[in-house]
Amino acid sequence: MSRAVRAAACALLLALAALPATAALRSVGAVVDSRPSGDGLELRLSSGARVRLGFATPDTVRVRMSPTGSFGPDTSYAIAGAPPSVRAIVASKDGVTELRSSTGVRVLVRRAPAFAISVIDSGGRLVVGDDPARPMAFNPADGAIETSMRRDDYELYYGFGEKTFPLSRHQQSMVMWNADVPDYPVGHDPSYQAIPFFIALHEGRSYGLFFNNTWRSWFDMGKTVPRRYSFGASGGELDYYVFTGGAARSPARVLQDYTALTGRGALPPLWALGYHQSRWSYMSQEQVLDVAQEFRKRRIPADALYLDIDHMDGFRVFTWNAGTFPDPKKMLDQLHGQGFRAVTIVDPGIKRDEGFPIYRSGRAGGHYVRKADGGELHEKVWPGVCAFPDFTSPAARAWFGGLYREPLALGVDGFWNDMNEPGVFPPDGFSQPEIGLGPQRTFPLDARHAGDGRPGTHAQYHNVYGMQMARASFEGLRSLRPDKRPMVLTRAGFAGVQRYAAVWTGDNSPTWSHLALTIPMLTNLSVSGVPFVGADVGGFMGSPSAELHTRWLQAAALTPYFRTHSNDVSAPREPWAFGAAHEAINRDTIALRYQLLPYLYTLFEAGERTGLPPMRPLWFDYPGDTRASLVDDQYLVGGDLLVAPVVHEGRTSREVYFPKGSAWIDWWTGARHEGGRSAKIAAPLARLPLFIRAGASVPTVAAPVQHSGEMKDQPLALVVAAGAAGSSRVYQDAGDGYAYRDGESRTITATQDGQSLRLDIPSQRGYQRLGAIEFIGLAAAPAAVRIDGKPAHGARFDAAARRLRIVLADENLKEVVLVP
Ligand code: MIG
């Protein structure tokens, strides 16, 4: 077969595979009988299928349908622990069966002509209902399953993991199938991370839906039929959760409930929240050290440098190129001496090389993915022909996790899992650039996986391969180095990946449209339960203009994961690479990140407990504000900062929408903006439009630092946005390790009423002390300032910024009063 014919044939097969096989679908049919099962109800249907209905929690409904009528073991990669369930009260009358939870959430079951359910919230409102015109169905020939719900024209949908789509995904269709998609065009689907979860928003009320199925799945959110949405998969059970959001019906409550089920991102080490500089690749240890030195010499803060694939010996994982990295230990020691951390890339492909001990040990342990015929699966990636650990095998995970021992001993600080969709190179005769985006390249669908005791094919486990690799890395690091928090970055993932790793959005492009895309991509990942997210600053696939890069750095400066990275043919992209004027701006941009690190850290700590992400779309905090629901070029950092980056070429001002219900103070000028309105805001190249919510108190580092390790020696300055009442907290701990889980931390609370600020500063010492308070957004200088009743000295008012700065002699204070 010629290459072109082969590619065309492949593309056609994939296109066919993507189509829901509607022709052969069979309705599940009417309910024949029902009986109690576990905490809920099991229904036998006329088609032979069975449905189990119940409650995961009193506010969360679970629906399970097995086309064959027999249910598999109730295990799930997505769920942290065993799938939960609570008792339902079941009643039947007039042909309708009802399940009710302790909070009054109800599932109404229509028994005929075909099974259908409606979910009603505790206030009696419809949350979501099946579309009787298209009942739940399956294809007995190939195992495909699907179901459909009615939708209102104005219902919006967010989440779905990593998609290159606009903010709300109504009237879009999407495929869940992790794919290596270098240079992905805006709108291209699928991409690296499949997370079959979304949050719906309609008239200010939310619910969430999680389709817990690892097979290739799809969602059609009203694209084919506007009054309905459908989802399905090519195999497995139709197992889904409806998060009603309790009485609040808020997006925050829905996400809290979803992350209670699938896990919450753990607090990263503080250094992971600093600025990270990467490229494919820094080619030698001298070059790495030069870059490190250059950062310090130019006084541009940074915490981590990355070593891409060229640091290895022939791309063999966990090795070093002896010619270019002759003494990695020395390099790492020198980096550490300058306050830098190093992150190395670790790909899944293990070179099939009899002389490579890691390859041999994986084979001896039986840790590799197998072909359908039982032989070791081989595919080409960077090292040439490789074998691949079966990360769905606990033994393989433990073995692979153990391989981190050596790099840890040398001093490598963090690890970056790439290519784990898994992506593989095309067959002989294709070069990677030639093949571009398709046909999607991965393992054969009939390859065999252990499935943690439920053996299955690659078709079943493809979507969790990357997440289980990240798990192997995370768990390996946890056990090898129990006193430090792991820093793992992964490209592929699935629901629950947040338990193991940070996520970046792969090989984006150095274009303005890709810069704009980062906001809907990252905010939707955030509301998919993944808090630690970022996009390659500047765009990976080439070289941005100076202006684009400078704007991109600003736009990314307050995103959770802040890394500049670029491909092997791009021009240098260190912050000084674009000339002195841009360097000065870039320095300030990165300095702003460092200034706000205490706030970001506080948000991450809260996220570990609540599941609420640091980076948020506006609608998430303002679900009742319809204008906020489609704002895709601004984001919130926690509840207190609003960021409105410039994402268009040549602009020096922009419209900013201020969400309704709060007032917002310009970070730079102190000007106040009422919520529910837009305003034109000046944004010269050197300025990132940034606003603080009136009533909020945001902790900052009072003086510039060069890396996060210097923070502890600098006092905090609390920035208090005047003009409204409010209360905020500041979380502090050692910045790494787990002592904080045994209470070694301190939380300052600040409560203000617009005129006075009350502080509750726990007396433990050893944390960054509070050294200054800055009131921002004051119309005029106060006549006097009193601290605990006494006149304060050292208060200075900057009229241009409407900022009053009060330097504190010590932390022993309870109240600051502004006397008008
Ligand atoms: O086939 O390791 O997305 O960040 O620099 C390309 C080389 C492999 C893809 C990653 C990118 C990384 C690159 N990798």
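Computed over heavy atoms, backbone and side chain alike; hydrogens, waters and symmetry mates excluded. Counting starts at 1 for both ligands and their atoms, in listed order.
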Could you tell me which atoms of ligand 1, counted from 1 in the order shown, lie closer than 4.0 angstrom to a heavy atom of [X]?
X    : answer
M419 : 1 (O), 8 (C)
I345 : 2 (O)
D507 : 3 (O), 4 (O), 9 (C), 10 (C), 11 (C)
D308 : 2 (O), 5 (O), 7 (C), 12 (C)
R491 : 3 (O), 9 (C), 10 (C)

Looking at [Y], I'd like to know if the NZ or CZ of [X] sits under 6.0 Å from its six-membered ring centre while staying within 45 degrees of the ring's axis.
X    : Y    : result
R491 : W416 : no
R563 : Y306 : yes
R279 : F540 : no

Hey, is [X] close enough to [Y] for a salt bridge, meaning N to O under 4.0 Å?
X    : Y    : value
K297 : E294 : yes
E354 : R363 : yes
R298 : E583 : yes

Any nitrogen or oxygen of [X], side chain or backbone, less than 3.5 Å from one on ligand 1?
X    : answer
D418 : yes
R563 : no
W280 : no
D536 : no

| message | For Y359, run the ring pair (Phe, Tyr, Trp, His ring centres under 6.0 Å) check against F318, F388, Y368 and tell me which one passes. | response |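 Answer after filtering F318, F388, Y368: Y368.
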If we set the cut-off at 4.0 Å for heavy atoms, which region of [X] has an atom near ligand 1: side chain, backbone, both, or neither?
X    : value
W416 : side chain
W504 : side chain
D568 : neither

| Closest approach of G423 to E421 (non-hydrogen atoms, all atoms of both residues) |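 Smallest interatomic distance, heavy atoms only, reads N-OE1, 3.5 Å.
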